Chemist: 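Just dropping this structure here.
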Amino acid sequence: MRLSRRPRANPTGEMSILEHVGELRNRLAKSCAALVVATLVAFSVLYDPVLEFVLRSYCSLPESVRIGTLGEDGGCRLAALSPLEPLSIRIRLSLTVGLLLAMPFIAFQLWRFITPGLRPNEKRFAIPFALASTLLFAAGVAVAFYTLPKAIGFLVS
C-alpha cells in the first residue's frame, strides 16, 4: 500500500497582502533576533579585540594629533568627553560588529522572502549574485583593513 502525501493547500504559492505582511513580519522578527544575539556576543566577547584593532591604528599617530590620553601604563587611551561616552562607544561598536556577524542570516531571510515571487529564470542569477557580493564584501573589508591607519591619519590631520 502506498502512502500518498496530502496535496499542498496552495501549490502555486500565491499569497494575499495580509499573508505577505505576516511573512515579512516573521522574517523581520527572525532578523532582529539574530541581530540582538550577534550584538550581545560582540558586546561581551568581541569588544576588546575589535577596539584594540581600532586603537592600534589610532595610537600609531603622533601624539600631537591625538585627542586620547596616556594611561597609567603609558599606553594610548581615548579621552571620554562625557560621562556616558565609554558606554556609547561600546554599544555602537558592538552594534556594528553584531550587524556584520548577523548579515549572512539577515540576507538569507531577505532571500527567503523574495524567492517565492521570482520566476525560475530569475532565480538562476542568485548564485552568481551571492558569490559576487560575498567576494566584493570580503575585498572591501581587506581594503578597509589595509587603509585604516592611513585613513585615520588623514582624517585627524
Side-chain angles (χ1 to χ4, degrees), residues 4-61 67-68 76-78 80-82 84-157:
S4 63
R5 294 163 98 185
R6 239 177 49 183
R8 288 179 56 192
N10 188 2
T12 59
E14 294 177 5
M15 300 168 80
S16 70
I17 188 70
L18 291 178
E19 290 171 327
H20 276 292
V21 170
E23 177 73 13
L24 179 62
R25 183 190 68 222
N26 290 337
R27 300 284 174 196
L28 283 174
K30 290 176 184 177
S31 297
C32 288
L35 179 61
V36 166
V37 169
T39 300
L40 288 174
V41 168
F43 189 86
S44 60
V45 177
L46 299 174
Y47 174 75
D48 290 329
V50 172
L51 184 65
E52 183 181 317
F53 167 71
V54 173
L55 280 179
R56 188 177 17 188
S57 299
Y58 180 71
C59 291
S60 67
L61 295 172
I67 299 172
C76 175
R77 292 178 30 178
L78 294 177
L81 302 177
S82 74
L84 293 177
E85 197 160 11
L87 179 63
S88 173
I89 290 171
R90 187 172 190 125
I91 289 172
R92 285 184 291 171
L93 188 66
S94 299
L95 189 58
T96 303
V97 172
L99 184 61
L100 225 149
L101 293 175
M103 191 51 71
F105 184 79
I106 294 170
F108 175 73
Q109 292 301 317
L110 178 66
W111 176 249
R112 294 287 299 200
F113 179 73
I114 292 172
T115 302
L118 296 178
R119 295 186 182 101
N121 64 341
E122 295 169 335
K123 289 180 186 178
R124 68 185 171 130
F125 294 112
I127 302 276
F129 176 74
L131 185 61
S133 61
T134 302
L135 291 175
L136 288 173
F137 177 76
V141 168
V143 166
F145 184 80
Y146 178 73
T147 60
L148 184 65
K150 291 176 179 40
I152 288 178
F154 173 76
L155 291 172
V156 169
S157 63

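Quick caveat: nothing in here was measured; it's all calculated off a predicted structure. Hydrogens, waters and symmetry mates are skipped; everything else that's a heavy atom, side chains included, is used.
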Chemist: For Arg92, which residues count as a side-chain hydrogen bond (donor to acceptor under 3.5 Å, both in side chains) partner, sequence neighbours excluded?
Modeler: Ser88

Chemist: Say you draw a straight line from CD of Glu23 to CG of Leu28; how long is it, rounded to the nearest 0.5 Å?
Modeler: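 Glu23 atom CD to Leu28 atom CG measures 10.5 Å (nearest 0.5 Å).
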
Chemist: Between atom OG of Ser94 and atom CD1 of Ile89, what is the distance when rounded to the nearest 0.5 Å?
Modeler: 11.5 Å

Chemist: Only distances under 3.5 Å count here; give the side-chain donor-acceptor pairs of residues 36-55 to other protein atoms, sequence neighbours excluded, each with its distance to 0.1 Å.
Modeler:
| from | atom 1 | to | atom 2 | distance (Å) |
| --- | --- | --- | --- | --- |
| Thr39 | OG1 | Leu35 | O | 2.7 |
| Ser44 | OG | Leu40 | O | 2.9 |

Chemist: Would you say that Leu99 contacts Met103 through its side chain, given a criterion of any heavy-atom pair below 4.5 Å between the two side chains?
Modeler: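 Yes; the side chains approach each other to less than 4.5 Å.
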
Chemist: Does some side-chain heavy atom of Leu118 sit less than 4.5 Å from a side-chain heavy atom of Phe125?
Modeler: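 Result no, sub-4.5 Å side-chain heavy-atom pair not found.
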
Chemist: Say you draw a straight line from CG of Leu24 to CG of Asn26; how long is it, rounded to the nearest 0.5 Å?
Modeler: 9.0 Å

Chemist: Going by the ring pair (Phe, Tyr, Trp, His ring centres under 6.0 Å) test, which pairs reach into residues 89-122, not counting sequence neighbours?
Modeler: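 Non-adjacent pairs meeting ring pair (Phe, Tyr, Trp, His ring centres under 6.0 Å): zero.
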
Chemist: Side chains of residues 146-155: which donor-acceptor partners sit under 3.5 Å, not counting sequence neighbours?
Modeler:
| from | atom 1 | to | atom 2 | distance (Å) |
| --- | --- | --- | --- | --- |
| Thr147 | OG1 | Val143 | O | 2.8 |

Chemist: May I have all residue pairs that pass salt bridge (Lys or Arg N to Asp or Glu O under 4.0 Å) and include part of residues 102-125, sequence neighbours excluded?
Modeler: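 Found Arg119-Glu122.
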
Chemist: Please identify each residue that fulfils side chain to side chain contact (heavy atoms under 4.5 Å, CB included) with Ser82, with sequence neighbours left out.
Modeler: Glu85

